[in-house]
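Here is the structure we will look at.
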Amino acid sequence: MNDIVRALAYMQCVSLANRVRQRIRRLKQPKYLIGAIAGIAYFYGVVFRHMIGPNAHNARFMIMPPGSAEVLGALAALGTLIFMLSAWIFASDRAALRFNEAEAAFLFPAPISRTGLIHFSVIRSQLVLFVSVFLISLLLQRGRAMGINPLQYAAALWLIVATTRLHFLGASFTRERLLDLGVRPVWRRVVGIALFVAFAVACVGWARAHAPLPQNLAGPREVTDYIGSVLEQGPAFWVLAPFRALTAPMIATSSAAFARALPGALLMFALHYIWVVRSQVSFEEASIALARRRAESSAAMRDGRVRLRAKPTRARRPAFELAPRGFAPIAFLWKGLIAAGPFWRVRTLVVATVLLLGVTQWLSTQPVGAAFLKVIGIVSLAMAGWSTVVGPMFVQGSLRQTLDHLDVLRATPLRGWQIALGQLLAPIAMLVPVQWLLLLTASRAFQGIEWLTPGMLAALVVAVVLLAPVTCAVMLCVPFAGMLVFPGWSPGGRGGGFDVMGQRMIFGGIYVLVLALSVVPAAAVAAGLFFGIRLFAGMVPALIVAAIAAAAVMAAEAAFLVRWLGGRIERFDVSTELR
């Protein structure tokens with residue numbers, strides 16, 4: 001057995017050394033060297049400068065309000081319960097351990113027991129997690145604001161993440177055993193949902209009888225304190241006790257409190273580890289299939305073809321009927337929405353809008369709900385702004401396919417601008433409705449504000465409807481242009497490391513710069529019209545005219561960029577630039 005342990009340790013050490021050697025070797029290529037310089041410079045400016053500077057010991061990255069440890073502990077325990085319960089309700093994957101194809105071919109026929117394979121896989125994954133969590137926590141000096149040193153904070157964070165990961169692995173083993181016993185997944189999901197509903201009903205019933213709503217629920221802080229007090233008593237106290245023990249070291253406000261809380265978290269980790277190791281289920285076949293899928297995904301990432309989801313098992317219905325003749329870019333939209341999946345349909349938008357209106361209306365009539373609605377509105381506004389800047393980077397997967405199939409597209413009787421516009425339409429159709437829903441949520445949350453009259457609300461709706469699509473179109477042109485001009489730096493994959501992180505940072509800087517430059521002309525025209533018309537016609541007409549003008553300027557910029565992208569597509573040499 002010792003020989004097997006030494007062989008496994010040797011394999012891991014050699015694999016790590018080869019991975020580091022390969023990362024260093026590829027720095028000979030300028031695209032990786034420039035990216036590595038940018039990544040190291042970022043880490044020095046953000047992390048290391050604070051550690052070695054004169055204020056290194058006074059760095060603060062989060063501040064815990066006084067007296068909030070108990071409330072935070074109760075909410076953290078509830079969140080951990082819900083997250084672990086999702087492994088029984090939503091997950092449907094088979095029991096599998098993470099091995100690559102070479103490891104599966106080497107280890108499965110080897111004289112290693114099934115328990116030994118589980119030990120090896122679990123310990124290896126925990127070591128990787130341990131190193132990453134401790135490194136990040138120590139570099140960022142987490143935990144100082146709570147009264148404990150970063151080492152204790154890192155240990156608490158690792159215990160939570162490691163135990164949660166073990167729970168998901170143990171749940172997959174148990175689900176496999178239930179399948180072998182003939183228990184259908186639907187019954188497992190029904191039991192999980194029923195248990196959670198029973199827990200929620202018991203908590204609400206106990207709160208009505210023993211902890212009625214106070215009259216001073218004026219804001220989110222009061223609502224959070226009330227919910228925390230309910231979770232600290234009654235049936236919630238006993239149900240959440242194991243999860244509170246797991247999260248207690250994270251919220252410890254002193255080293256003594258951390259020492260008292262640590263045994264409970266270690267016990268939860270040990271119980272989960274024993275559960276996983278003692279699970280004797282067949283995982284070899286599913287592990288080999290998982291290794292093959294991961295190898296295919298890694299190959300796609302190296303080629304810049306990001307695989308966001310598995311191929312559908314059956315044909316998908318189109319979002320709309322495609323006419324035999326018409327505007328050519330619409331065919332790209334039709335294809336893109338089919339590839340995106342059944343979620344991106346008009347009916348989904350209608351259902352989400354109806355549910356949103358109903359939920360926000362109900363919350364506005366409740367004492368607790370009204371306070372929560374304001375928090376939801378703030379979060380929705382923040383997410384809408386975030387999606388405007390960052391959102392296009394997350395829906396650009398189909399743009400990379402333009403390079404993969406450019407030789408086929410160039411053989412069709414289509415102009416370059418038609419191909420470019422067609423590839424942009426599907427990401428726009430996916431992102432813009434989400435932004436509309438977020439802004440609708442914010443408008444419902446702040447509907448009691450005096451200046452938000454029906455006329456002003458109508459003007460804001462016009463501005464959002466007009467500006468969101470053209471802004472998204474302009475921002476999507478930026479990564480598309482990056483793929484066409486620098487295909488080797490395309491953010492479609494290429495693994496990780498300082499070099500790839502630096503490449504993405506450079507792209508991110510260019511992205512934000514283009515956003516700022518595109519907004520300046522539109523903002524200047526809109527501001528001039530707004531202040532001029534406001535003097536004669538009032539606020540609402542001025543806002544509508546300004547929004548129309550800004551949208552027209554942004555649309556002109558988008559048209560210019562699409563024309564430029566089309567010219568680049570027509571001049572793109574597939575045989576040389578995609579090597």
Side-chain angles (χ1 to χ4, degrees), residues 1-9 11-12 77 80-100 103-104 106-130 133 155-156 158-185 187-189 191-192 195-196 238-249 262-291:
M1 188 66 180
N2 292 333
D3 293 337
I4 295 176
V5 173
R6 283 196 295 270
L8 295 177
M11 182 181 68
Q12 291 303 303
T80 305
L81 167 64
I82 295 174
F83 187 64
M84 288 187 176
L85 191 61
S86 66
W88 302 92
I89 297 176
F90 301 109
S92 59
D93 53 325
R94 303 295 297 270
L97 297 177
R98 284 184 171 268
F99 294 105
N100 57 40
E103 291 171 342
F106 173 72
L107 294 176
F108 286 179
I112 304 177
S113 65
R114 182 173 287 171
T115 302
L117 289 175
I118 297 176
H119 274 296
F120 172 69
S121 177
V122 171
I123 292 175
R124 181 177 62 174
S125 63
Q126 293 302 323
L127 286 176
V128 174
L129 182 64
F130 180 86
V133 168
W158 171 74
L159 281 173
I160 294 175
V161 178
T163 304
T164 303
R165 185 169 293 186
L166 286 175
H167 186 90
F168 272 74
L169 181 59
S172 68
F173 286 165
T174 305
R175 294 197 305 268
E176 188 76 19
R177 188 180 297 277
L178 292 176
L179 286 175
D180 294 339
L181 296 176
V183 179
R184 298 176 58 187
W187 293 113
R188 165 174 52 84
R189 294 187 174 98
V191 171
L195 289 176
F196 183 76
W238 300 105
V239 174
L240 296 178
F243 308 98
R244 191 180 294 106
L246 178 62
T247 58
L262 188 59
L266 289 174
L267 178 61
M268 284 287 291
F269 173 80
L271 292 176
H272 277 82
Y273 189 88
I274 294 172
W275 172 34
V276 169
V277 172
R278 294 293 181 88
S279 298
Q280 293 294 324
V281 296
S282 177
F283 56 79
E284 291 82 0
E285 183 178 352
S287 298
I288 293 174
L290 176 62

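All heavy atoms count here, side chains included; hydrogens, waters and symmetry mates do not.
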Y273: which residues meet the ring pair (Phe, Tyr, Trp, His ring centres under 6.0 Å) condition with it, sequence neighbours left out? H119
How would you list, by chain and number, every residue that makes a side chain to side chain donor-acceptor pair (under 3.5 Å) with H167, sequence neighbours excluded? W88, H272
If the condition is side chain to side chain contact (heavy atoms under 4.5 Å, CB included), which residues does L266 pass it with, not counting sequence neighbours? L159, L262
Which distance, rounded to the nearest 0.5 Å, do you find between the CZ of F168 and the CZ of R175? 8.5 Å
What residues, two or more places apart in sequence or in another chain, satisfy side chain to side chain contact (heavy atoms under 4.5 Å, CB included) together with P263? none
Could you work out, with salt bridge (charged side-chain N to carboxylate O under 4.0 Å, His left out) as the rule, every residue matching R124, not counting sequence neighbours? E103
Tell me every residue that passes side chain to side chain contact (heavy atoms under 4.5 Å, CB included) with A77, counting only those two or more places apart in sequence or in another chain. L240, F243, R244, T247
Which residues pass the side chain to side chain contact (heavy atoms under 4.5 Å, CB included) test with V161, sequence neighbours left out? L129, L157
Can you tell me how far apart CE (M84) and CD1 (I89) are? Round to the nearest 0.5 Å. 14.0 Å
Nearest 0.5 Å, what's the OG-CH2 distance between S279 and W275? 7.0 Å
Nearest heavy-atom approach of M268 to T163 is O-CG2, 4.0 Å
How close do L117 and I112 get, heavy atom to heavy atom, and via which atoms? N-CG2, 3.9 Å
Going by heavy atoms in the side chains, are P185 and L179 under 4.5 Å from each other? yes
Can you name the side chain to side chain donor-acceptor pair (under 3.5 Å) partners of T164, sequence neighbours left out? none
Taking ring pair (Phe, Tyr, Trp, His ring centres under 6.0 Å) as the definition, give me every residue that meets it alongside F196, ordered by chain and number, with sequence neighbours left out. none
Heavy-atom donor-acceptor pair, S121 side chain to I118 backbone, under 3.5 Å: no
